[in-house]
Number of protein chains: 4
Amino acid sequence: MNKVILIGNVGADPEIRRTQDGRPIANLRIATSETWRDRNSGERREKTEWHTVVVFNEGLCKVVEQYVKKGAKLYIEGQLQTRKWQDQQGQDRYSTEVVLQGFGSTLTMLDGRGEGGGASGGRGSGAGGNDYGDDYGAPAPASSPSRGGGSGGNFSRDLDDDIPF
Amino acid sequence: MNKVILIGNVGADPEIRRTQDGRPIANLRIATSETWRDRNSGERREKTEWHTVVVFNEGLCKVVEQYVKKGAKLYIEGQLQTRKWQDQQGQDRYSTEVVLQGFGSTLTMLDGRGEGGGASGGRGSGAGGNDYGDDYGAPAPASSPSRGGGSGGNFSRDLDDDIPF
Amino acid sequence: MNKVILIGNVGADPEIRRTQDGRPIANLRIATSETWRDRNSGERREKTEWHTVVVFNEGLCKVVEQYVKKGAKLYIEGQLQTRKWQDQQGQDRYSTEVVLQGFGSTLTMLDGRGEGGGASGGRGSGAGGNDYGDDYGAPAPASSPSRGGGSGGNFSRDLDDDIPF
Amino acid sequence: MNKVILIGNVGADPEIRRTQDGRPIANLRIATSETWRDRNSGERREKTEWHTVVVFNEGLCKVVEQYVKKGAKLYIEGQLQTRKWQDQQGQDRYSTEVVLQGFGSTLTMLDGRGEGGGASGGRGSGAGGNDYGDDYGAPAPASSPSRGGGSGGNFSRDLDDDIPF
DNA sequence: TTTT
DNA sequence: TTTT
């Protein structure tokens, strides 16, 4: 288990790079902030934390490319990853990033910008990174009749096979 | 581990009850929705799920009482809990709720309503349920010098003892 | 956002049903427990919460079918869903379940049972529900050179298209 | 929202430091690993990610001090934090850590080591970081009668005031 | 560098 | 440097 969940604002328009074979990679800077009140002075104080988010997931990259701009509020779910690199002096350096890459990765816009724009849903919404023109059938139709009810329904979803998360 | 995370909208103004000893308990109905596009018709479809949220945590109840209204967008973190009760025929019935009660429970307003009203932070923001006039010192000042740096700072926080989450 | 995370033990061997078109659906009962010490008596006390988990995701169903037995310790990530049904008196009844169905759903064995059996990983491990004989290339190879380093790598993953989570 | 959830193994015995005023700070290295099967060769492959975890929370530090050893399997919930420091050349360097500091921070042992040792619970278990000799009353006793039942119970918990998470 |  |  290696999961990061962020809700925050994008500090600058995303950078989109492409690999040699044309695959997009998006880089985002996300700010999360917390506020508290000083115990002594009673003043409100704030601390902002900045996160680097790297989106390898192609579908999510498309969402980023089309909809995410500086200032957008995002819900992000990814993994922590530290990569090693060498600086100009040849010294080892490490950078830790929140990586969105397939399994368990999500990006949802929370401020209603973007196409159609809803945001309260986890799975969906127009700009939510989960809606690439696919249909994943009727949502969760039913469950075990043995536990008391349920029609049985049609269970037409095929999430394993054809949904590109 | 028993954790529920919801981001959704409040369906009606919260009900606040009080126990005999005056402790508040808030009940909320929260809608989360997901949208998707029908594979055949290409139409956008939506499914909404409704959740019952019960807030036992006193600080969070105050936030609910003061700031949460019908339509508010909330971030909720709590636990799943099923309680048994008898209906009028004396039959056992079960209700499953998302309970906010201390440890790991959170409620944050995401739409900037309420006092001061920020929302992007996890720990804080005016109406965020984490800001009861307390000060929890300077945020996380530093870390192990042995891993390369850090001033050591003053580590003045006393989160274990005096912060009422 | 509608997410449930559970770590707990399976109360009985899973039930696997099949839909008319042959799709499997697994039902699990999971216990999460918490302990605490009584403030007055100093005694240790415990409370167990039982959850019904319904696995629609076909790949995860296979994992359940092959590896999950009574007593297994599982990590579960799914969505809360309440369905309505009628009891024998024709009254409306509601059951709330944790549904594993595609996006953001996970099931990982935490006790090293099952094929090869690892458990500490988030994405994988032999019986972890994320390992259906696929290769998703080299893991997250690199990131934006503009932020200081990184070879660029080969970015050979194709998680959007061919990984059946 | 700034949350990190890790389940992994401790790479070395924790380091415990103390601030000038005697407050403990624990440093942990945690490995999370994922495995997958190579698409071409069919070989099992593995990637391990290492995380630095800094525990400021005093109660959790005690748990670490007493129970956490090299090899322990832990559940960690904390926040991402990047701190800036200067290396010996005076250059700015950054380190990103998972910080456990009050609100929403958790550490639970998952391998049944430690006093009493359970692990499946989220809130508790003997060595689970949530059990400092406190009583938080009867667990979540009830909910809104208006939604169909529940005795009302005694609501004796006082989580806001006296539980030192 | 964001947002409230 | 862990674990499976």
Side-chain angles (χ1 to χ4, degrees), chain A residues 1-2 6-15 27-36 44-53 68-74 76 82 110-111 113, chain B residues 67 73 108-128 130-131 147, chain C residues 67 73 108-128 131 147, chain D residues 1-2 6-15 27-36 44-53 68-74 76 82 109-111 113:
Chain A
M1 176 75 179
N2 171 359
L6 304 174
I7 298 176
N9 296 289
V10 178
D13 286 347
E15 296 173 36
N27 278 271
L28 298 165
R29 291 284 286 169
I30 306 271
T32 55
S33 40
E34 54 177 294
T35 63
W36 70 98
R44 179 171 301 283
R45 302 191 56 187
E46 178 168 17
K47 178 167 183 288
T48 294
E49 191 69 36
W50 285 96
H51 311 271
T52 297
V53 175
V68 176
K69 302 294 175 207
K70 176 177 174 175
K73 176 169 290 183
L74 296 183
I76 292 280
T82 299
L110 291 177
D111 46 9
R113 300 180 193 168
Chain B
Y67 303 116
K73 176 169 288 185
T108 305
M109 300 192 70
L110 292 176
D111 46 9
R113 299 177 195 172
E115 175 246 346
S120 74
R123 176 103 48 86
S125 81
N130 321 105
D131 198 349
R147 276 174 300 93
Chain C
Y67 302 117
K73 176 169 288 183
T108 305
M109 299 192 70
L110 291 178
D111 45 11
R113 298 177 197 170
E115 174 247 347
S120 73
R123 177 101 50 86
S125 82
D131 198 347
R147 275 171 301 95
Chain D
M1 175 74 177
N2 170 1
L6 304 175
I7 296 175
N9 296 288
V10 178
D13 287 346
E15 295 173 37
N27 278 271
L28 299 165
R29 291 282 288 169
I30 306 271
T32 55
S33 40
E34 53 176 293
T35 63
W36 70 98
R44 179 171 301 285
R45 302 191 56 188
E46 177 168 16
K47 177 167 184 287
T48 294
E49 191 70 35
W50 285 95
H51 310 271
T52 296
V53 174
V68 175
K69 303 293 175 207
K70 176 177 174 175
K73 176 169 289 185
L74 297 182
I76 293 279
T82 299
M109 300 192 69
L110 291 177
D111 45 10
R113 298 176 196 171

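Naming: A, B, ... by sequence-line order, numbering from 1 per chain. As the structure is a computational prediction, the values presented were derived from the model and not from experiment.
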Quick one: which of E:dT1, E:dT4, F:dT2 gets closest to the side chain of A:Arg29? E:dT1
Can you tell me the distance, in whole Å, between the CD1 atom of D:Ile7 and the C1' atom of F:dT3? 13 Å
Rounded to whole Å, NZ of A:Lys47 lies from P of E:dT3 at a distance of 19 Å
Measuring from atom NE2 of A:His51 to atom CZ of A:Arg29, what distance do you get when rounded to the nearest 0.5 angstrom? 9.0 Å
Please state how far atom CG in D:Leu28 lies from atom C1' in F:dT1, giving the value in whole angstrom units. 12 Å
With side chains defined as the heavy atoms from C-beta onward, is the minimum distance between A:Val10 and A:Lys69 less than 4.5 Å? no
Taking NZ, NE, NH1 and NH2 as the nitrogens, is one of them in A:Glu46 or A:Arg44 under 4.0 Å from a carboxylate oxygen of the other? no
Nearest-neighbour nucleotide for the A:Glu46 side chain, E:dT1, E:dT4, F:dT3 considered: E:dT4
What is the separation between atom CG on A:Asn9 and atom P on E:dT3, rounded to the nearest whole Å? 6 Å
Just how far, in rounded Å, is P of E:dT2 from CD of A:Glu49? 16 Å
Check: E:dT3 base within 3.5 Å donor-acceptor of A:Thr48 side chain: no
State, yes or no, whether a side-chain contact exists between A:Leu74 and A:Ile7 at a heavy-atom distance under 4.5 Å. no
In whole angstrom, give the distance that lies between atom CD1 of D:Ile30 and atom P of F:dT3. 12 Å
When the distance from NZ of A:Lys69 to P of E:dT2 is rounded to whole Å, what number comes out? 16 Å
Euclidean distance, atom CD of residue D:Glu34 to atom C1' of F:dT4 [Å, nearest integer]: 14 Å
Ranking F:dT4, E:dT2, F:dT1 by distance to the side chain of D:Trp50, first place goes to F:dT1
